[in-house]
Amino acid sequence: MDARANGLTIKAPGRPLTGRVTPPGSKSITNRVLLLAALARGTSRLTGALKSDDTKLMAAALRAMGVTVEEPDDTSFVVTGTGRLQAPAVPLFLGNAGTATRFLTAAVTMVDGTVVVDGDAHMRKRPIGPLVQALRSLGIDITDTGGYPPVTVRGHGPFAPGRVGIDGGLSSQYISALLMAAACGTGPVEVALTGKEIGARGYVDLTVAAMRAFGAEVEQVDEATWRVQPTGYRAADHVIEPDASAATYLWGAEVLTGGAIDLGVPAAAFTQPDAKAQALIAQFPHLPAVIDGSQMQDAVPTLAVLAAFNQNPVRFTGIANLRVKECDRVAALATELSRIRPGLGREEGDDLIVASDPTLAGQVLPTRIETYADHRIAMSFALAGLKIGGITILDPGCVAKTYPAYWDALASLGVTYDEVA
Ligand SMILES: O=C(O)C1=C[C@@H](OP(=O)(O)O)[C@@H](O)[C@H](O)C1
Ligand SMILES: C=C(OP(=O)(O)O)C(=O)O
């Protein structure tokens, strides 16, 4: 099996999938601790790390700013920082890594010099305006391109003490970015939410936990305000937990095939928000009629594909910001589900409605699934291929963003593929 193939046609196994597959390290935690270790003075050993497009781009950007990032093995980074980032000689290219792009946009304001933060054509369509405006309100000289990358920062040192408001409605990553940079300020900084409730608060909790692990003092003053003390960061050794979003595909494969897949880690041990999806996945084929996806956003593609085989239809709510992820996931899920069987998925406002059809299982429905360069569309629709014959996932290599070994992991459970040239 070659993930560089134009497509992979999945052969429905027709039997329960059993075996042991440990998901790779968490993307969210890896990219947080890479940055925090880089901002610390001294050497930090990060183990259990994810090595994928998103984390390699983060590591490369940090190297370009004078940080030593060594890779002694496939799951470790050893990071040696000086407590300062240097201005890079060329623009930082961050592909379609939202975490790296947003986190670094705030962090590079501390650099003495000009930094351009840029991404690929997809990232250039993902909004960054609210973060840029918040940084500008702190007196930072920063410009974006109509609300999108590339962003140009003329850095002049750490944040001054004060308060910064941020609307995290489009992305919680803006809040995480400000919090992580704030600990390197010259005095206490308060980060306050403006606008309505954010999706995925759990990602901010993840940020606070990572910051504390590297010596930061951050307290949540109230529901909408965090106060960060100017401690800077202390080098630390850190064990990164497996990726909860990656785990959802394995939990999904297990319930869809009636199998038993040992992830080597219980669902309750994850601290990432997507682990909440496990309690829903365990209810398959009786998923609830309404699922609020706001606190488990990256798990929604997994749940949506499972919903197609559920006993009752499912409406997904709270997912408006799935429209500004790697692709418009609300539209992509509706379109690709309906490619399998007309009407299987549809949009209603920003909700996604998945019509359930348990009789899909066992049918042969030759379908070429467009993946829109979105790893989660590829990985979730592969689950449909476990039950339906003829499902082809186009551009299967896009899983390299967060789970390069995905196709091998399914193969290790006995799934086979035909390559489409
Ligand atoms: O902070 C993080 O690690 C992430 C936050 C979420 O994004 P948004 O905050 O942009 O919704 C999530 O979708 C992304 O995969 C990872
Ligand atoms: C939205 C995602 O990624 P990011 O925002 O980190 O690019 C994701 O991995 O589903």
Side-chain angles (χ1 to χ4, degrees), residues 23-36 50 52-55 57-58 94-106 119-120 122-131 149 166-180 193 197-211 240-241 243-249 270-277 293-304 318-330 332-333 371-380 398-404 406:
S26 160
K27 169 199 75 173
S28 293
I29 300 176
T30 302
N31 270 358
R32 282 165 173 73
V33 297
L34 274 171
L35 175 61
L36 300 181
L50 172 66
S52 74
D53 289 353
D54 279 15
T55 64
L57 287 162
M58 175 63 113
L94 299 163
N96 195 10
T99 50
T101 305
R102 276 72 175 259
F103 298 169
L104 285 171
T105 293
D120 66 12
H122 304 282
M123 197 67 230
R124 284 181 172 196
K125 291 186 185 141
R126 299 179 64 189
I128 200 155
L131 176 59
I166 180 73
D167 184 343
L170 285 174
S171 172
S172 71
Q173 292 171 2
Y174 308 152
I175 306 160
S176 293
L178 291 172
L179 288 170
M180 288 190 279
L193 290 187
E197 173 58 23
I198 53 163
R201 237 170 208 280
Y203 283 111
V204 179
D205 297 339
L206 216 55
T207 301
V208 169
M211 289 170 66
I240 296 160
E241 69 187 39
D243 193 282
S245 316
T248 67
Y249 309 110
F270 289 93
T271 62
Q272 302 151 74
D274 273 10
K276 291 192 193 78
S294 62
Q295 301 303 320
M296 51 180 91
Q297 295 172 14
D298 291 355
V300 169
T302 313
L303 290 163
I319 57 170
N321 85 355
L322 264 69
R323 293 197 186 278
V324 290
K325 304 276 185 183
E326 283 78 333
C327 71
D328 177 343
R329 287 183 176 157
V330 181
L333 288 165
T371 50
Y372 311 90
D374 186 339
H375 55 141
R376 301 212 186 279
I377 300 298
M379 294 191 280
S380 57
C398 70
V399 302
K401 185 174 192 285
T402 56
Y403 197 166
Y406 183 65

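When a residue number appears, it is its place in the shown sequence, counting from 1. Just follow the structure's listing: the first ligand is 1, and inside any ligand the first atom is 1.
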Taking only heavy atoms of [X], which atoms of ligand 1 are found under 4.0 Å from at least one of them?
{"X": "K27", "result": "14 (C), 15 (O), 16 (C)"}
{"X": "T99", "result": "2 (C), 3 (O)"}
{"X": "N321", "result": "11 (O)"}

Of K27, H375, R329, the residue with the heavy atom nearest atom 4 (P) of ligand 2 is K27
Relative to atom 5 (O) of ligand 2, which among K325, R126, R376 owns the nearest non-hydrogen atom?
-> R126
Which residue and non-hydrogen atom of the protein lie closest to [atom], and at what distance in Å?
{"atom": "atom 11 (O) of ligand 1", "result": "K325 NZ, 2.6 Å"}
{"atom": "atom 3 (O) of ligand 1", "result": "S28 OG, 2.6 Å"}
{"atom": "atom 12 (C) of ligand 1", "result": "D298 OD2, 3.4 Å"}
{"atom": "atom 2 (C) of ligand 2", "result": "E326 OE2, 2.9 Å"}
{"atom": "atom 1 (O) of ligand 1", "result": "R32 NH2, 2.7 Å"}
{"atom": "atom 10 (O) of ligand 1", "result": "S171 OG, 2.6 Å"}

Run through K125, H375, R376 and flag the one making a side-chain hydrogen bond (donor to acceptor under 3.5 Å, both in side chains) with E326.
-> H375
Sidechain-backbone polar pair: [X] side chain, [Y] backbone, donor-acceptor under 3.5 Å:
{"X": "Y406", "Y": "M379", "value": "yes"}
{"X": "D274", "Y": "A244", "value": "no"}
{"X": "R32", "Y": "S28", "value": "yes"}
{"X": "T55", "Y": "L50", "value": "yes"}
{"X": "E241", "Y": "F270", "value": "no"}
{"X": "Q295", "Y": "R201", "value": "yes"}

Ligand 2 to A97 polar contact by distance, N or O atoms, under 3.5 Å | no
Ligand 2 N/O within reach of Q173 N/O, cut-off under 3.5 Å = yes
Does [X] pair with [Y] as a salt bridge, N-O distance under 4.0 Å?
{"X": "D374", "Y": "K325", "result": "no"}
{"X": "D54", "Y": "K401", "result": "yes"}
{"X": "D243", "Y": "K27", "result": "no"}

Look up atom OH in Y372 and atom NE2 in H122, then write down how far apart they are to the nearest 0.5 Å.
-> 12.5 Å
In ligand 2, the atoms that come under 4.0 Å of a heavy atom of N96 are 7 (O)
Can you tell which part of Q173 has a heavy atom less than 4.0 Å from ligand 1: side chain, backbone, both or neither?
-> both
K401 touching ligand 2 at heavy-atom level, < 4.0 angstrom = yes
Quick look: D298 vs ligand 2, heavy-atom contacts under 4.0 Å, and the answer is side chain
